[in-house]
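Working notes, beginning with the structure itself.
Letters A, B, ... are given to chains in the order of the sequence lines, protein chains preceding strands, and every chain is numbered from 1.
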Amino acid sequence: MSTYLDELNPEQRAAVETIEGPVMIVAGAGSGKTRVLTYRIAYLMDQGIDPWHILALTFTNKAAKEMQNRIEKLVGAEAKNLWMGTFHSIFAKILRIEAHKIGYPQNFTIYDTEDSKSLIKGIIKEEGLNDEVYKPAHVYSRISLAKNNFISPREYEQNAELSETDRASGKPKIGYLYEQYTKRCRNAGAMDFDDLLIKTYELFLQHPDVVNKYQQKFRFVMVDEYQDTNHIQYLIIKKLAAAHQNICVVGDDAQSIYAFRGASIKNILNYEKDYPDLKVFKLEQNYRSTKTIVEAASDIIKKNKYQLEKNIWTDNGIGDKIKVFKALTDNEEGVLVANSIFEVKMKDHLNEKDFAILYRTNYQSRAFEEALRRLNIPYQIIGGVSFYQRKEVKDLLAYFRLAINTNDEEAFKRVINFPARGIGDTTVSKMIVLAKENEMSLWDVAKNIQHASGIDSRGRRTVSEWVVLIQRFQVQVGSMNAFDLATEIAKTSGINKHYFEDKTIEGINRYDNLQELLGAIKEFTERTDIEDKHLGVFMQEIALFTDADKQQIGDDKVTLMTIHGAKGLEFPVVYVAGLEENLFPSQMSLTSREDLEEERRLFYVALTRARKRVFLSFAQSRFRWGQVVYSEPSRFIEEINPKFLDYNQVQPAREREGAFVGKYVVPKPVVNKPIVKASYQAEAAFVAEDVSTLQEGMEVVHVRFGQGKVLMVEGKGEDKKAKILFDAIGEKQILIKYAKMRILN
DNA sequence: TCCGGTTCCGTTTTT
DNA sequence: CGGAACCGGA
C-alpha cells in the first residue's frame, strides 16, 4: 500500500487518515505540519476523491506552490487540479467567476493598500475635511477593521461603540467616509484586499445557489495557519464547510502573530465550540530543532496566559547554547553578525543559504546589508518595498490596469498626466468635480471632454488625445498577447522614453526595473501551463503577488527578513537581531497584555525557525529618525533560562576614533585637513559649486543628502550652505572627514 | 506646468 | 533620517 504513510508517527498518521468530519490539528513548530497536510491531501486523492473537490487555503502563495509541488511528487500531475492558494487568491478566482451576480465586472481591479489610501485621501479632500485630522492611514485602518468584522458602512454609522470612539478622537465622519469609499470602489470596478473576503461572504449570503455550488464543489476543506485567520475568513470557511462538515484546520496558537491584521487567536482557542464532534490531534514532537532550542522556546511561550495545552518535546541532541551578542551600535551589531556568519560557515561547513537574519522591523536590515557587503557575503532581503510597489512599475501597471478596466479611478489619476503631457491638476480636479456632479466615472468625463464645461481648449485637446491612446490599448487587450501589448504600451505611453532619458543613478535603476517587468511578462507569455496569454491574466496573477513569493530558495544567499516573513520557514542557523526593549518587544505593544503576548509568540516563532544554532543580538544604541536611541536589552533575553544561554562570549564593543562604524563617522576634533574629499570607487566624480564654502578648516556640522542628486552641506556660524552636485555611475561614496556626518551609499 | 529646493512628519508586522 | 508634500520661480 501507500508507503508514504509509514513515514509518519502514530499521531500524524491518525491526523492524515481521519478525513471525515471536523478535524483540528494542533501542530507545534517543527512537528511536520506541512508533511501531514500534504500527505493528507495525497491520501484523500488515494481514497478516490477528485482533486477538484479539495480546497486548501494557505497563508502565502509560496506555501501553496510548495505544497502543490510536494503533492505532485506523491500523486502525479493530477495535483494541478487541486484548489490551493491563499484566501485572497482563491476568493479572487471565485469572484471573477461570480462577479456579475454582485454587480461587479469580471475584470475588476484589485486595489492595493496604496491605491486605497490614495482614494481615501482624495475623498477627504473633496469633502473639504482636514487631512491633518482625518489621516488617510488612520481612516483606512478603521475601515479595514470594520470590514474584517463584516460591518457595513450603514452598520458602522449605527454602531454606538464605533461612533463613540470616532467622536472621542474628533473624527465623527469616518462612517461617512467609509460609505463614500465603498461607493467609489464600486464605481471604479475595484476591490481592495478586504473586499476580496467580504464580497465573497456577501455573495454566499445573497445567493444560496452559489453557496450550494461551492459547498458541493469543495467537499473537503483544509485551512493552514488557522491561528492567523480573522473573523471574516472564519465566517467564510464555516459557510463553505456547512454542508459536508469535512473541514480540517491546522495551526499552532503559539505562532499566532497577525492580530494587527484582525487575526484572532480565539478562532483556534474556541474552535471546539463550533464543532462539538471535533476530533483534535496534537503534534507535539519537534523534528526540527535541538533540545536547547525547543526547551528554551517552550519556556518562553509558557509565560503566556492564552494558549492551548500542549507539551512540545524532541528526540534531537542538545546542541549548542544560544549565544548572545552585545553591540554598542546598530552598525556594530551588523558587523558582529556578519563576522559570525563567516566564522560559523567555515567551522560547520555550511553554505550561505543556511543562514537567516531575522528582525522585528524592516528598517533594521540596513546595518546587516552593509556589513555583509563588506565581507562579500551574498544575501537576499525578503520584504520591504516589493518590486510591484515601485513607482515606475506601478506607473506602467497603471496603464495596463486602465486598458483592462477604464473605470479604475486610481490608475486613471496616476497616469493621465504621466509622463507629463500638459494635463494639470486644475484640469483633473475639474474632471473629478464633473464626475461627481453627474454621477459618472472619471473615464466617462474624459471621453466626453469636448462637451465638458469649464475646461479650456488646450485641456480638451490633450485629454481627448490621451483618451484615444487608452482606447487603442483597450482594444488591444483582447487581441494582442501580454508581452507585445506591454511593450507597445511602454513605448507609446512615453513611459519608456521618460525613464530612458533620465540618466541619474535613480533613473537608470528605474529604467532597469521597467525592463525587468517586461521580462517577467515575456516569461509569462512563454509559460506552457497557461492557455490565455492576455495581459488581463497576467495582471490577475500579480495582483496578489508579494515579495515573499519571489524568494529564490535555490540561491546560495543569506536570507534577511522580518520574523513575520519567516513564518513557515526553517534554517540551520538563525540570528535574531535587535533584541532591545522598545524594539522587540515593540514599544507599541507594551500597553496591553494581549499585545505583549503576541510579541512573545513572535519571539517564539523566531527561535523555532532554527535547526541547529540560534544567536541573539542587541545594540545599546541605534540610529533612528536621525537620532541616537539608547535601549536596554529585551526582557525576552531574561526570559530564557540562563542554562541555555552563552552570555560570556560577548564581544566587547569598540569604537575607534575617526574610524567608520558602519555608515557613520565618529567625530574627531582635528580640522586641519580637507573637509570634503574624494569619491569612492573608480567612476565616481563630483563637481562642487560654490567651492568657497567648502574650504579647508571649515567646520561642518551637518550634512544631508537631499532627494535626487543634491548633497546639502550646512555650515556652522554664518549658516553657510554649500551645494555639491555630483554625477556618477556605479557605486559611489563621498567621504567627508572630521565631521559628524553621514557617508552616503 | 515643471522643476529644484525646502519643510515637515512619521516611525511594526502584511495578504 | 528619508521621503512626501509643499512652495515659488521660470
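Atom NZ of A/Lys117 and atom P of C/dG3 are 16 Å apart (whole Å). Note: CD1 (A/Ile382) to C1' (B/dT14) measures 14 Å, nearest angstrom. Counting to the nearest Å, the P atom of C/dG2 and the CZ atom of A/Arg366 are 8 Å from each other. Distance NZ (A/Lys125) to P (C/dA4): 14 Å, rounded to an integer number of Å. In this structure, A/Asn61 places its CG atom 9 Å from C1' of B/dT15, rounding to the nearest Å. Nucleotide B/dT14 holds its P atom 20 Å from the CD1 atom of A/Ile110, rounded to whole Å. For the pair A/Ile90 CD1 and B/dT15 C1', the interatomic distance rounds to 14 Å; values are reported in whole Å. In this structure, CZ of A/Arg390 is placed 18 Å from C1' of C/dA4, rounded to the nearest angstrom.
Under the 6.0 Å cut-off for aromatic ring centres, A/Phe59 and A/Tyr258 qualify, their centroids lying closer than that.
Between the side chains of A/Tyr499 and A/Asp395, at least one donor N or O sits under 3.5 Å from an acceptor N or O. The closest side-chain donor-acceptor pair between A/Ser116 and A/Tyr181 falls under 3.5 angstrom. Between A/Thr361 and A/Gln364, the side chains place a donor N or O and an acceptor N or O closer than 3.5 Å (distance only, hydrogens not considered). Remark: the A/Asp408 side chain and the A/Thr109 side chain contain an N/O donor-acceptor pair separated by less than 3.5 Å.
Within 4.0 Å (heavy atoms only), A/Ile423 reaches sugar-phosphate atoms of the nucleic acid but no base atom. Using a 4.0 Å heavy-atom distance criterion, A/Thr113 is classed as a base contact. Among the heavy atoms of the strands lying under 4.0 Å from A/Lys121 are primed sugar atoms or P, OP1, OP2 only; no base atom is included.
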Please enumerate all protein N or O atoms sitting under 3.5 Å from an N or O of nucleotides 7-10 of chain C, with distances to 0.1 Å.
none

Tabulate atom names and distances for all N/O pairs under 3.5 angstrom spanning the protein and nucleotides 10-13 of chain B.
residue : atom : partner  : partner atom : Å
B/dG10  : OP1  : A/Lys135 : NZ           : 3.4
B/dT11  : N1   : A/Trp625 : NE1          : 3.1
B/dT11  : O2   : A/Trp625 : NE1          : 2.2
B/dT11  : N3   : A/Trp625 : NE1          : 2.4
B/dT12  : O2   : A/Arg360 : NH1          : 2.6
B/dT12  : O2   : A/Arg360 : NH2          : 2.0
B/dT13  : OP1  : A/Asn362 : N            : 3.0
B/dT13  : OP1  : A/Asn362 : ND2          : 3.3
B/dT13  : O2   : A/Arg360 : NH2          : 2.6
B/dT13  : O2   : A/His564 : NE2          : 3.3

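In this structure, A/Lys199 fails the cation-pi test against A/Phe108, since its NZ or CZ atom is not both closer than 6.0 Å to the six-membered ring centre and inside 45 degrees of the ring normal.
Shown here are the salt bridge (Lys or Arg N to Asp or Glu O under 4.0 Å) partners of A/Arg600, two or more places apart in sequence or in another chain: A/Glu639.
Taking the P atom of each, B/dT13 and C/dA4 are spaced 16 Å apart, rounded to whole Å. Across the C1' atoms, B/dT12 and C/dA5 are found 24 Å apart, a figure rounded to whole Å.
By the neighbour-count criterion of 12 heavy atoms within 6.0 Å, atom CD of A/Glu632 is sparsely surrounded, having that number or fewer from other residues, nucleotides or ligands.
Among B/dC2, C/dC6, B/dT15, the nucleotide with an atom closest to any side-chain atom of A/Asn417 is B/dC2.
The one candidate from A/Asn149, A/Asn148, A/Asp194 that meets the side-chain hydrogen bond (donor to acceptor under 3.5 Å, both in side chains) condition with A/Asn230 is A/Asn148.
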